[in-house]
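I have placed the structure first, in the form of structure tokens, so that the comments after it can refer back to it.
Source: prediction; values computed, not measured.
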Amino acid sequence: MPSPLDTPIERFRLKLVEQVRNTFNDNASKQKPVPPSDDALFEKDTPIRMVHADIVGMMTGGIRALLLQMLHPHALQGVLDHSNFREDMHGRLQRTARFIAVTTFGHRDEAMKAIDRVNRIHAKVGGTLPDGSRYEATNPRTLAWVHVTEAQSFLAGYLRHVRPDMPSAEQDEYYRQIAVIARALGVDPVPETRREAEALFRELRTDLRPSPQAREIAQLVLNQRPKNTPPALQTMLGAEAVTMLPPFARSMLNLQRPVLTALPARAATWGMGRTLRWAFRQN
């Protein structure tokens, strides 16, 4: 009789886990997944750890956040001047995913080290906008836009794909928790409830500008797929992310809300989410 650990279903589960981990970790440097710590910044089974543990919600939410961030002239120029996104979009996304994993699940000392590294990088990022004015990556208002779009987008992905009935109190707790990381990164102001996040989003929206460069990055984000990633997967995740964007952002980025692919993409992401939660034993 085969061992429960040596059955076709278990081998499939382990292979799926390995493939996902290879996508999010830098194999060239032999990077390993972040082990969850009992001494993390956030306790187990709290909203931030539940939201950030869901792969599909984070992937679709992450794409949504990046598309919104590129509409901010300062955030956009920082990427254009100080990033090799055209050659290494996957590497950039890997580093972002790693930061989120370390600060959410890793030991609090490792989390603070990761935050310090980002702050040191931001301190060196600055330059001149096309209109001749200066920008700095440490600008609290620019950081506030980056933060609020990420927090809203990650939560939106979780609500859409995992738990649409998540109580408002737990959503507010998510914002209070992720605010801990935001403040350590120099963000100001920092929303602590869903209502505050929505108000800040409306306020900062006035800073946004459409541009050919933002539209170029949007196309790269949506169409440049990591090595060995099935094209259908990239299409599905991109369609969901675009669907989740507010209409004004789609208009500024010249993106159309998916119509023919909307329902298939929603069904596919729902199915993939269930499969991945089973593989990682999150059900």
Side-chain angles (χ1 to χ4, degrees), residues 24 26 28-29 31 34 41 58 61-104 106 110-154 178-191 197 200-201 203-222 224 226 249 252-253:
F24 287 101
D26 184 1
S29 62
Q31 194 175 66
V34 176
L41 291 176
M58 291 296 285
I63 295 171
R64 178 189 188 270
L66 189 53
L67 294 174
L68 285 167
Q69 289 164 8
M70 291 306 95
L71 288 171
H72 194 293
H74 293 206
L76 171 64
Q77 200 64 43
V79 169
L80 294 174
D81 291 347
H82 299 273
S83 172
N84 62 340
F85 69 93
R86 289 185 178 88
E87 297 78 26
D88 191 26
M89 178 66 75
H90 185 216
R92 176 183 171 84
L93 296 176
Q94 275 186 332
R95 290 186 289 276
T96 300
R98 184 80 180 182
F99 176 81
I100 294 166
V102 171
T103 53
T104 306
E110 294 303 313
M112 296 313 299
K113 287 178 184 177
I115 290 170
D116 288 342
R117 281 194 296 271
V118 170
N119 284 335
R120 288 196 300 271
I121 292 170
H122 282 174
K124 300 176 182 178
V125 174
T128 306
L129 296 170
D131 65 5
S133 61
R134 290 283 301 172
Y135 75 88
E136 305 290 344
T138 53
N139 184 313
R141 186 176 174 94
T142 304
L143 290 171
W145 175 250
V146 172
H147 170 70
V148 76
T149 54
E150 287 184 352
Q152 281 192 331
S153 295
F154 295 153
I178 201 170
V180 172
I181 301 171
R183 288 197 180 89
L185 289 169
V187 175
D188 185 39
V190 181
L200 182 61
F201 185 93
E203 176 189 341
L204 297 179
R205 176 181 163 181
T206 60
D207 294 347
L208 309 185
R209 299 290 183 273
S211 69
Q213 292 81 6
R215 292 191 287 272
E216 176 198 2
I217 294 181
Q219 290 304 316
L220 282 172
V221 171
L222 294 171
Q224 188 181 98
M252 294 174 80
L253 292 168

For the pair [X] (side chain) and [Y] (backbone), establish whether a donor and an acceptor sit closer than 3.5 Å, ignoring hydrogens and angles.
X    : Y    : answer
H74  : E136 : no
S153 : T149 : yes
N119 : A184 : yes

Identify, with sequence neighbours excluded, every residue that meets ring-ring contact (aromatic ring centres under 6.0 Å, His included) alongside H122.
none
Among all residues two or more places apart in sequence or in another chain, which pass the ring-ring contact (aromatic ring centres under 6.0 Å, His included) test with Y135?
none
Looking at [X] and [Y], what are the two nearest heavy atoms and their distance?
X    : Y    : value
L41  : A111 : CD1-CB, 3.7 Å
P130 : Q77  : CD-OE1, 3.6 Å
L68  : W145 : O-NE1, 3.2 Å
V125 : G78  : CG1-CA, 4.4 Å
L143 : L185 : CD1-O, 3.4 Å
V148 : A197 : CG2-O, 3.6 Å

I need the [X] [atom1] to [Y] [atom2] distance, nearest 0.5 Å.
X    : Y    : atom1 : atom2 : result
L76  : Q69  : CG    : CD    : 11.0 Å
I181 : I100 : CD1   : CD1   : 8.5 Å
I121 : H82  : CD1   : NE2   : 12.0 Å
Q219 : E216 : CD    : CD    : 9.5 Å
L71  : R209 : CG    : CZ    : 11.0 Å
I217 : L80  : CD1   : CG    : 5.0 Å

Check: P191 and H147 side chains under 4.5 Å, non-hydrogen atoms:
yes
